[in-house]
Amino acid sequence: MPGQDGKRILLVEDEAIIALSEKAALERYGYRVTVAGSASAAMERFEATDDLDLVLMDMDLGPGPDGTQVAERMLGTRELPVIFLSSHIEPGTVGKTERISSYGYVTKNSSITVLDASIKMAFRLFEARRGLKAANDRLEALFDAMPDLLFEVDLDGRYHGIHSSRMNLLYRPAAELMGKTVAEVLPGPVAETVMAAIAEAGESGMSQGRHYQLDVPSGARWFEITVSRIAGDPGQPRFILLCRDVSGYRAAEDAARQSRELLERYLDVAAQIVISHDPDGNITLLNDSGHRILGYEPPELVGRNWFDACLPAELREETRRYFERMKESEVGSIKNRVNDVITKSGVRKTILWHNTVFRDDGGRFTGLFSSGEDITELRRAEENVKALLAEKELILREVHHRIKNNMASMISLLTLQAGNMEDPAAAAALESAASRMEGMVLMYDRLYRSDDFSGLSLRDYLPALVEGIVATHPSGIPVAAETVAEDIVLDAARLQPLGILVNELLTNALKYAFAGRERGRISVSARLRDGLIGITVRDDGVGMPEGMDAAASSGFGLMLTRALAAQLDGTIRIERTGGTSVTLEFPAKGRDEEPPATGR
């Protein structure tokens, strides 16, 4: 049994038996489970328990708020992972969870293995999000602690963002700078210096070391600027422009060194791995995060050859060839690549790289600059998801096979019992029940084989149903059947009563319409007009007796037909011209759904 360190789960489920089953299964896997059977009980237990690790939330909680609304109230109080557990798979129901920071959607018929894997994945995602938030908080704190002016600008020098803890160094208030260009705001010579740095960064990715003097509210100050290109759309580049007050600082060499150290600290925050190589593949820069991911202490890897130190032996030649091809790339172009690396301790990790080249003023290749993201766990998670999906598909096929076998067994039992009945009426009743079940089997099989389990087109369903009923009915005379159905998609909840109803109408026609005849003809049609679906069963037989009132008849078949029509919110109309024509009409738009469209 997998150990879960006693993590506490709040299970919100209004079906008591399902809740007991799920609770028992989860506790066998080491979880501590608290059950709430309603929305109000869920909020009471949530507010009374401050050590919850995860919430398993049913979507449908009966009257009152649904699962998404309860989850929103919970997440408004404190952050924790929420997984929705439901038997609903309709896109509209699943889509409700998209506005909530949920960590998964699991169907109730999933195995405990799938549920356990989903819970584990939710915990990992939750920890990752907390780590990302902490990193963002540290980045904000870093910006607040920076003594520099930080601007985000485009290639035209237009200001898109401003950040500084020393606003007295701004030439103008931030509100007057936003949306304007450097040339519109700064004096001519200063604007030329800044634009030259931006242009250089646009060509090479970075510019640093330029200086200018400017009269700001705190007095005349000297600034050193650093411009760095932000990875993104090459057609619309953005840059980080750092302006450092170097008035009265040490010599220009010390200022340049401090600027480089500051830039390296930015790189440690900006990416997991930031690395550059010289033309021979020797490491010239590797940030602290990169050293830690690769298992080294900074600056242990600087100066060593990347291919020999950090790549698996079987990947070195292939990666060297890729490195040679990168030398022909244009400046500023970003090439993505995924490959494995080997840490100092021998652990294999998968890294997603974003690579670009550096060139000197003469256009000669001077090195490769890369940022890398450790996607080892993501790859493992993807493999686990693929395995779980394959397992789910296998389970679905097995369940489908068992359901069909069980239904076939029930039909066989009814047929066998009918054959042993001495009372013809009782035998006929059992045979009718078997026929009705065969219609349900056909609907289920067609639904399972369709692309969308939630619905089925009458164009696919009705012809097979009619053909099966006519072929198996012991009428004793040849009957020709024709079916014309438009492409009308209905959900399973309405297909089932419709199939039984059509079965009743066809069976009645086959039994009574052709008495004393040598042959007969039956037609079935389905069409959508003015928001109503019409199903017509017509025969050319002797016709229903004039004195017979279908609406008042107490026969089981007609009683069942009336009940099924009422279930569909429909009406039945009977015409006795040239045989009998029975038409069922019901609204195309079912309860709580959009009307179906034809021509799918």
Q.
Side chains of Leu10 and Met74, heavy atoms from C-beta outward: is any pair under 4.5 Å?
A. yes
Q.
Can you give me the closest heavy-atom contact between Leu11 and Lys23, atom names plus distance?
A. CD2-N, 4.0 Å
Q.
Quick one, Thr34 and Thr49 - any side-chain contact, counting heavy atoms below 4.5 Å?
A. no
Q. Is any side-chain heavy atom of Arg562 less than 4.5 Å from a side-chain heavy atom of Ile572?
A. no
Q: Take Arg527 and Glu585, measure what salt bridge (Lys or Arg N to Asp or Glu O under 4.0 Å) needs, and give me the verdict at the end.
A: CA-CA 10 Å; Arg527 46 90 181 125; Glu585 286 189 336; 3.1 Å; yes
Q | Distance-minimising heavy-atom pair for Met121 and Ala381 | A | CE-CB, 3.3 Å
Q. For the atom pair CE (Met43) and CZ (Arg73), what is the distance rounded to the nearest 0.5 Å?
A. 4.5 Å
Q. Would Arg130 and Glu127 pass as an ion pair if we require N to O under 4.0 Å?
A. yes
Q: Mark yes when over 12 heavy atoms from residues, nucleotides or ligands other than Arg521 sit less than 6.0 Å from its CZ; otherwise mark no.
A: no
Q.
Strictly below 4.0 Å, N to O, side chains only: are Arg380 and Glu383 in salt-bridge contact?
A. no
Q | Heavy-atom closest contact (Leu54 atom, Ala122 atom, distance) | A | CD1-CB, 3.9 Å
Q) Do side-chain atoms of Arg158 reach the backbone of Gly179 as a donor and acceptor pair under 3.5 angstrom? A) yes
Q: Evaluate side chain to side chain contact (heavy atoms under 4.5 Å, CB included) for Leu352 paired with Leu378, printing each intermediate quantity in order.
A: CA-CA 11 Å; Leu352 170 62; Leu378 178 61; over 6 Å; no
Q: State, with a plain yes or no, whether a side-chain heavy atom of Leu26 is found less than 4.5 Å away from one of Leu56.
A: yes
(Q) Please check: side-chain N/O of Arg337 versus main-chain N/O of Trp353, any donor-acceptor pairing under 3.5 Å? (A) no
Q: Please name the pair of heavy atoms, one in Arg45 and one in Ala36, separated by the smallest distance, quoted to 0.1 Å.
A: CD-CB, 3.8 Å
Q: Show the numbers, then the answer: is there a side chain to side chain contact (heavy atoms under 4.5 Å, CB included) between Tyr461 and Ile488?
A: CA-CA 10 Å; Tyr461 175 53; Ile488 306 169; over 6 Å; no
Q: Go through Asp154 and His160 one step at a time and tell me if the side chain to side chain contact (heavy atoms under 4.5 Å, CB included) criterion holds.
A: CA-CA 8 Å; Asp154 59 21; His160 293 276; 3.0 Å; yes
(Q) Quick check for you: to the nearest 0.5 Å, what is the distance between Leu498 atom CG and Gln496 atom CD? (A) 11.0 Å
Q: Taking the side chain as every heavy atom from C-beta outward, state whether Leu75 and Leu80 have any atom pair closer than 4.5 Å.
A: yes
**Q.** Gln69 side chain to Asp66 backbone, donor-acceptor under 3.5 Å
**A.** yes
(Q) Under a 4.0 Å threshold between the charged nitrogen and the carboxylate oxygen, would Glu486 count as salt-bridged to Arg529? (A) yes
(Q) Measuring from atom CG of Leu388 to atom OG of Ser118, what distance do you get when rounded to the nearest 0.5 angstrom? (A) 7.0 Å
Q. Would the number of heavy atoms belonging to other residues, nucleotides or ligands and lying under 6.0 Å from CD of Glu467 be above 12?
A. no
Q | Within-4.5 Å side-chain heavy-atom neighbours: Val12 and Val70 | A | no
Q | Ser21 side-chain N/O to Ile18 backbone N/O, donor-acceptor pair under 3.5 Å | A | no
Q | Audit row: Gln272, Ile351, side chain to side chain contact (heavy atoms under 4.5 Å, CB included) steps and yes/no | A | CA-CA 10 Å; Gln272 287 186 315; Ile351 308 296; over 6 Å; no
Q: Working to the nearest 0.5 Å, report the span between CG of Asp569 and CZ of Phe586.
A: 10.0 Å
Q: Tell me yes or no: between the side chains of Thr583 and Thr536, is some donor less than 3.5 Å from an acceptor?
A: yes
(Q) What's the separation between atom CG in Leu85 and atom CG in Leu115, rounded to the nearest 0.5 Å? (A) 6.0 Å
Q) So, does Asp53 use its side chain to make a donor-acceptor pair with the main chain of Arg8 at under 3.5 Å? A) yes
Q) Would Glu377 and Lys349 pass as an ion pair if we require N to O under 4.0 Å? A) no
Q. So which heavy atom on Asp60 is nearest to which on Asp58, and how close?
A. O-OD2, 3.0 Å
Q. What distance separates Leu505 CG from Thr561 OG1, expressed to the nearest 0.5 Å?
A. 5.0 Å
Q. Given side chains that start at C-beta, do those of Asp539 and Tyr512 come closer than 4.5 Å, heavy atoms only?
A. no
Q: Report, as yes or no, whether the 6.0 Å neighbourhood of atom CG on Leu132 holds more than 12 heavy atoms from other residues, nucleotides or ligands.
A: yes
Q. Which pair of non-hydrogen atoms, one from Leu458 and one from Ile533, has the smallest distance, and what is that distance?
A. CD1-CG2, 4.5 Å
Q: Examine distances only and state if a side-chain atom of Arg538 and a backbone atom of Gly579 form a donor-acceptor pair shorter than 3.5 Å.
A: no
Q. More than 12 heavy atoms of other residues, nucleotides or ligands under 6.0 Å from CZ of Arg519: is that the case?
A. no
Q. Between Glu13 and Glu15, is there a donor-acceptor pair closer than 3.5 Å when you use the side chain of the first and the backbone of the second?
A. yes
Q | Contact check, side chains of Leu506 and Leu465, non-hydrogen atoms, under 4.5 Å | A | no
Q) Is it true that the side chains of Asp116 and Tyr31 contain a donor and an acceptor less than 3.5 Å apart? A) yes
